Amino acid sequence: MIKIVSGWSDKGGSTTALIELTNELNRNNIEAVFYGPHEWHLDKCNSDLNNNLKINKDDTLITHFLQFPSRPNVKKVILVCHEKWWFKVGDIPQYWDTLVFLHNAHKEYHNSYTGESIIIPNLKPDLIKIEKPELDLVAGIIGSIEDRKQTHKSIQRAFADGCEKVKIFGSISDANYFEKYVKPLVLDNVELVDFTTNKQEMYDSIGRVYHSSKGEVACLVKDECYLTGTKFFGNEETDNEVSPLTNEEIINKWKILLEI
């Protein structure tokens, strides 16, 4: 049994990536369950809450955003890192056997960690590219509305580039930040769409995306823009390359790591 256990399972890029990993493993006849503390992931894959987790010695654990006091008594422990400064793996007492980074720059950022590691990018979502020149000046801002995402800067950048409309796809996770920085910019040409799970429909409604995050690892939004033919305007935090690996190649890397 593969048990994926995370300290975060609410809306977000890491949760989406772990849901995709769980589903892809099960599609490959590898039994996997995604455990998390929030309920958002429960109807999206084979899943449960952390409170119901029971660990057996024959299990393989894939952990994320969690610290354990010691190595669990299981077959293998793999830590997946999706973070930068908010989860510095080099400062955490090692309870895992192998650590998964998302790309080379991510590994270099955590250079204080000197243990065993491997690079496996996130799986790619099932999205298609369409021609949409008429939407070139309709910008999307994708992600939770909070200080780390710098939503207000993305709005300002979009209009500075001549965009005629901005759509914000994300939930308000920091009410104070929203009231102070974003709400004053929500005029007739700014639409608060909220979080959506229909990514194809979302990308089909915009021509470009602005991303101004203070901290990003492997920008999932950038990957999705590449797949859908949507122009992407990021910053130095989103300069990672889009992985050329197919999902089949990515899951094969996981099979090798999981010794399947």
Side-chain angles (χ1 to χ4, degrees), residues 10-17 19-20 40-41 44 82 102-103 121-175 177-244 247:
D10 209 342
K11 303 181 187 74
S14 62
T15 306
T16 299
I19 289 169
E20 290 294 330
W40 185 75
H41 70 305
K44 298 171 180 64
H82 287 258
L102 300 179
H103 51 77
N122 286 327
L123 291 157
K124 295 176 172 63
D126 185 19
L127 297 170
I128 61 172
K129 183 182 296 187
I130 67 167
E131 298 298 325
K132 45 187 175 180
E134 73 282 1
L135 296 175
D136 183 46
L137 297 182
V138 178
I141 299 171
I142 302 168
S144 57
I145 301 173
E146 58 178 299
D147 179 68
R148 185 169 70 86
K149 294 294 186 181
Q150 293 287 280
T151 312
H152 72 290
K153 286 190 177 181
S154 291
I155 297 172
Q156 293 166 341
R157 289 173 58 203
F159 286 127
D161 285 351
C163 289
E164 298 171 352
K165 185 171 183 176
V166 170
K167 295 183 175 183
I168 303 176
F169 300 91
S171 302
I172 299 171
S173 58
D174 185 336
Y177 167 78
F178 173 79
E179 289 291 330
K180 184 174 181 180
Y181 293 101
V182 178
K183 189 175 181 179
L185 301 177
V186 180
L187 305 174
D188 291 341
N189 51 358
V190 176
E191 180 182 357
L192 290 172
V193 183
D194 206 348
F195 180 86
T196 178
T197 57
N198 192 332
K199 291 188 177 183
Q200 188 67 57
E201 183 178 90
M202 175 178 67
Y203 284 105
D204 287 351
S205 72
I206 54 179
R208 54 176 67 192
V209 165
Y210 286 84
H211 208 66
S212 307
S213 176
K214 287 182 179 179
E216 207 69 40
V217 179
C219 185
L220 183 62
V221 171
K222 182 177 181 179
D223 293 352
E224 293 168 349
C225 285
Y226 176 81
L227 292 171
T228 57
T230 307
K231 294 179 182 178
F232 180 80
F233 297 84
N235 60 6
E236 64 278 1
E237 290 288 333
T238 58
D239 61 0
N240 63 284
E241 295 294 327
V242 175
S243 171
N247 280 356

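These figures come from a predicted structure and were not determined experimentally.
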State whether the number of non-hydrogen atoms from other residues, nucleotides or ligands found under 6.0 Å of Glu134 atom CD is greater than 12.
yes

Exercise: identify the closest heavy-atom pair between [X] and [Y]:
X: Asp174; Y: Asp147; answer: OD2-N, 4.4 Å
X: Ser212; Y: Arg157; answer: OG-NH1, 2.8 Å
X: Ala158; Y: Val166; answer: CB-CG2, 3.8 Å
X: Asp194; Y: Ser171; answer: OD1-OG, 3.1 Å
X: Trp40; Y: Lys44; answer: O-NZ, 2.7 Å
X: His82; Y: Ala17; answer: CE1-CB, 3.7 Å

Drop me the distance from [X]'s [atom1] to [Y]'s [atom2], to the nearest 0.5 angstrom.
X: Ile19; Y: His41; atom1: CD1; atom2: NE2; value: 7.5 Å
X: Ile155; Y: Ile168; atom1: CD1; atom2: CD1; value: 3.5 Å
X: Tyr203; Y: Leu227; atom1: OH; atom2: CG; value: 9.0 Å
X: Lys153; Y: Ile141; atom1: NZ; atom2: CD1; value: 13.0 Å
X: Leu137; Y: Ile206; atom1: CG; atom2: CD1; value: 13.0 Å
X: Ile142; Y: Phe195; atom1: CD1; atom2: CZ; value: 10.5 Å

Ile130, Asn198, Leu127 screened by side-chain contact (heavy atoms from CB on, under 4.5 Å) with Asp204, the one that passes:
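Testing each of Ile130, Asn198, Leu127 against Asp204, the sole residue satisfying side-chain contact (heavy atoms from CB on, under 4.5 Å) is Ile130.
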
Main-chain N/O of [Y] paired to [X] side chain as donor or acceptor, under 3.5 Å:
X: Lys132; Y: Ser205; answer: no
X: Gln150; Y: Lys214; answer: no
X: Asn235; Y: Ser213; answer: yes
X: Lys124; Y: Ser243; answer: yes

Given the rule in the side-chain contact (heavy atoms from CB on, under 4.5 Å) test, do Ile145 and Leu192 qualify, once you have shown the distances and angles that lead to the verdict?
CA-CA 10 Å; Ile145 301 173; Leu192 290 172; 4.2 Å; yes

Do Gln200 and Ile128 come close enough that some side-chain heavy atom pair is under 4.5 Å?
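Side chain of Gln200 against side chain of Ile128, heavy atoms only: contact under 4.5 Å found.
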
Can you tell if the side chain of Pro125 reaches within under 4.5 Å of the side chain of Glu224, non-hydrogen atoms only?
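With C-beta onward as the side chain, the pair touches.
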
For Tyr210, give me all partners under side chain to side chain donor-acceptor pair (under 3.5 Å), at least two apart in sequence or on another chain.
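Tyr210: side chain to side chain donor-acceptor pair (under 3.5 Å) contacts with Asp161, Arg208.
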
Is there a side-chain contact (heavy atoms from CB on, under 4.5 Å) between Glu20 and Leu220 once you walk through the steps?
CA-CA 12 Å; Glu20 290 294 330; Leu220 183 62; over 6 Å; no

Given side-chain contact (heavy atoms from CB on, under 4.5 Å), test Leu102 with Asn122 step by step and report yes or no.
CA-CA 7 Å; Leu102 300 179; Asn122 286 327; 3.6 Å; yes

Before giving the answer on side-chain contact (heavy atoms from CB on, under 4.5 Å), spell out for His211 and Lys222 the whole-Å C-alpha distance, their side-chain angles and the decisive distance to 0.1 Å.
CA-CA 9 Å; His211 208 66; Lys222 182 177 181 179; over 6 Å; no

Show me the side-chain donor-acceptor pairs of residues 177-188 shorter than 3.5 Å, one per line, residues at least two apart or across chains.
residue: Tyr177; atom: OH; partner: Thr151; partner atom: N; Å: 2.8
residue: Tyr177; atom: OH; partner: His152; partner atom: N; Å: 3.0
residue: Tyr177; atom: OH; partner: His152; partner atom: ND1; Å: 2.7

